[in-house]
Amino acid sequence: MHAPDFLEHKPLDPDSIQPQFLFPLNWTRSLLDRGTHPLHSPPSAFQPPLCLLFEVPDHQVAGHQAGHGHPGPLIDDSGRFYKPLQDDDRGAIEAAFYSSFSSNTRVPDRIRRFFPVFYGTKLLEASDGSGQWPHLVLEDVVSGLSHPSVMDVKIGSRTWYPEASEDYIQRCFMKDRKTSSLCLGFRISGLQLYVSEESGLWKPERKLVQHLSADEVRVVLKKFVSSNSPIDPNLNPDCSFASSVYGGSSGILAQLLELKSWFEDQTIYHLNSCSVLMVYDKKKELKGESSDAKVKLIDFAHVTEGNGIIDHNFVGGLCSLIKFISDILTSPDECTTKACLQNSDNNNEEILTGQKIHSIIAVHVIMLFQVMGRKIICLKRKERAWKEMPMATPELVT
Ligand SMILES: O=P(O)(O)O[C@@H]1[C@@H](OP(=O)(O)O)[C@H](OP(=O)(O)O)[C@H](O)[C@H](OP(=O)(O)O)[C@H]1OP(=O)(O)O
Ligand SMILES: Nc1ncnc2c1ncn2[C@@H]1O[C@H](COP(=O)(O)OP(=O)(O)O)[C@@H](O)[C@H]1O
């Protein structure tokens, strides 16, 4: 279990924490058991209008879906996205993060717009029919787009945080190594592309998407902004929408650069395992209209306190994604290998780029610090225990 300071109940140090952050670690579970919720109906909490219709979003491209004992997200027709709180510390951490972030006056408005608006939490009938379940009520980033193309990119060469359990670190580390996270600093977690009225959406299998090589990642980033079919492996993506979706003063690249400028400076939060969600309306692009290309950050279940340190893992991943996108804008025809998502038997360990070497070194340095940190804590504990030991009395010495 990891508990960032903004989550821990610290009654003896009230000055350092805002009251809204004082959630005891297990509040989600304990309140689920009691069938109630502390944020269910605070005076300012979001109250959906009566007669709202909830449905399962077909634009979800990654993350937990309904099944295996947990519910999936819901949307309504008023532009809200309801994310079920995970019933361990992940749910509590994400709720605490949104609460902290919404009221944090140190976050500039130009940055706030990159996060979904948070409307509080709400008990709702779970999507899997398992009963009432607390949900985060968020802005539905995709609402308003009639034919959304969506890509979820998990940022960071390391998706774990040092305080996590050994087992969790191992699981994440294996995933980071087997996907492009370790070598590129990000991985595509899932995507959907609008193809045409007849063909509908292209939503490749997530496990295939996550295991793309660096070249294939580049191709998929190109397919995301191409007008020709993403399904045919023999077609090279034409990148016809690259300049309007990725480029321009309000395109995705400009938005990522704006985010980067803040993250190079901010030391409040470390966004472990968080995703950049890129969305636009491809049908509008096909009609030559503005497609409202948007970047939003999502998934804050593993946020930790920054403690005055820059989130290098996040900045590194963001820079790498920026590099890929600017390369597509400057030379769209370069390095177009055919990404075959039907049979992706690539081996990410084969790619040995400078970036990969840097990532590996960085991860190992981090791990080294982590191990050293634990050793120092251990030594300090031993030292303290040593000092607190009753001194040998002269009688015993003799
Ligand atoms: O439950 P699964 O198998 O879908 O795994 C989740 C992952 O899905 P994936 O392996 O990418 O298909 C999922 O990855 P995505 O966010 O979907 O990329 C998370 O890693 C999730 O862990 P956490 O909630 O962030 O702690 C993972 O959940 P946990 O297994 O840690 O509960
Ligand atoms: N605010 C939102 N608006 C629209 N879609 C969202 C929003 N938040 C998440 N999603 C969709 O749900 C998916 C999973 O979200 P995420 O927060 O990563 O869940 P998990 O914690 O289960 O991994 C994303 O890939 C995206 O498709």
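All figures in this text were calculated on a predicted structure; none of them were measured in a lab. Order of appearance sets the numbers: ligands from 1, and atoms from 1 within every ligand.
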Atoms in ligand 2 flagged as close to [X], the criterion being non-hydrogen separation under 4.0 Å:
X: Asp140; value: 3 (N), 4 (C)
X: Asp152; value: 24 (C), 25 (O)
X: Glu139; value: 1 (N), 2 (C), 3 (N)
X: Ile298; value: 8 (N), 9 (C), 15 (O), 24 (C)
X: Lys83; value: 16 (P), 17 (O), 19 (O), 20 (P), 21 (O)

Do any nitrogen or oxygen atoms of [X] come within less than 3.5 Å of a nitrogen or oxygen of ligand 2?
X: Gln60; result: no
X: Pro116; result: no
X: Val61; result: yes
X: Ala62; result: yes

Contact with ligand 2 for Gln86, non-hydrogen, under 4.0 angstrom: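 Heavy atoms of Gln86 do come under 4.0 Å of ligand 2.
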His59: heavy atom below 4.0 Å from ligand 2, yes or no?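 The answer is yes: ligand 2 sits under 4.0 Å from a heavy atom of His59.
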Both conditions, 6.0 Å and 45 degrees, for the charged tip of Arg218 above the ring of Phe324: are they met here?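 Judged by the rule (NZ or CZ under 6.0 Å from the ring centre, within 45° of its axis), Arg218 counts as positioned above Phe324.
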Test the Arg112-Phe101 pair against the cation-pi criterion, namely NZ or CZ under 6.0 angstrom from the six-membered ring centroid and within 45° of the ring axis.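 Verdict for Phe101: a cation-pi partner in Arg112.
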Between Asp109 and Arg113 (salt bridge meaning N to carboxylate O under 4.0 Å), is one present in this structure?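 Salt bridge between Asp109 and Arg113, a charged N being under 4.0 Å from a carboxylate O: no.
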Excluding sequence neighbours, so at least two apart, what forms salt bridge (Lys or Arg N to Asp or Glu O under 4.0 Å) with Asp176?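 For Asp176 the salt bridge (Lys or Arg N to Asp or Glu O under 4.0 Å) partners, ignoring immediate neighbours, are Arg187.
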May I have the step-by-step check of salt bridge (Lys or Arg N to Asp or Glu O under 4.0 Å) for Arg110 and Glu258, ending in yes or no? CA-CA 8 Å; Arg110 66 182 174 85; Glu258 180 92 63; 2.8 Å; yes
Please test Tyr82 against Asp76 for side-chain hydrogen bond (donor to acceptor under 3.5 Å, both in side chains), starting from the C-alpha separation and ending with a verdict. CA-CA 8 Å; Tyr82 301 83; Asp76 67 20; 2.5 Å; yes
Consider only side-chain N and O atoms of Asp299 and Ser273, and report whether a donor and an acceptor are under 3.5 Å apart.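 Side-chain D/A pair, Asp299 to Ser273: absent.
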Are any of the side-chain heavy atoms of Leu318 and Leu256 separated by less than 4.5 Å?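 The answer is yes, as the side chains (C-beta and beyond) meet within the 4.5 Å cut-off.
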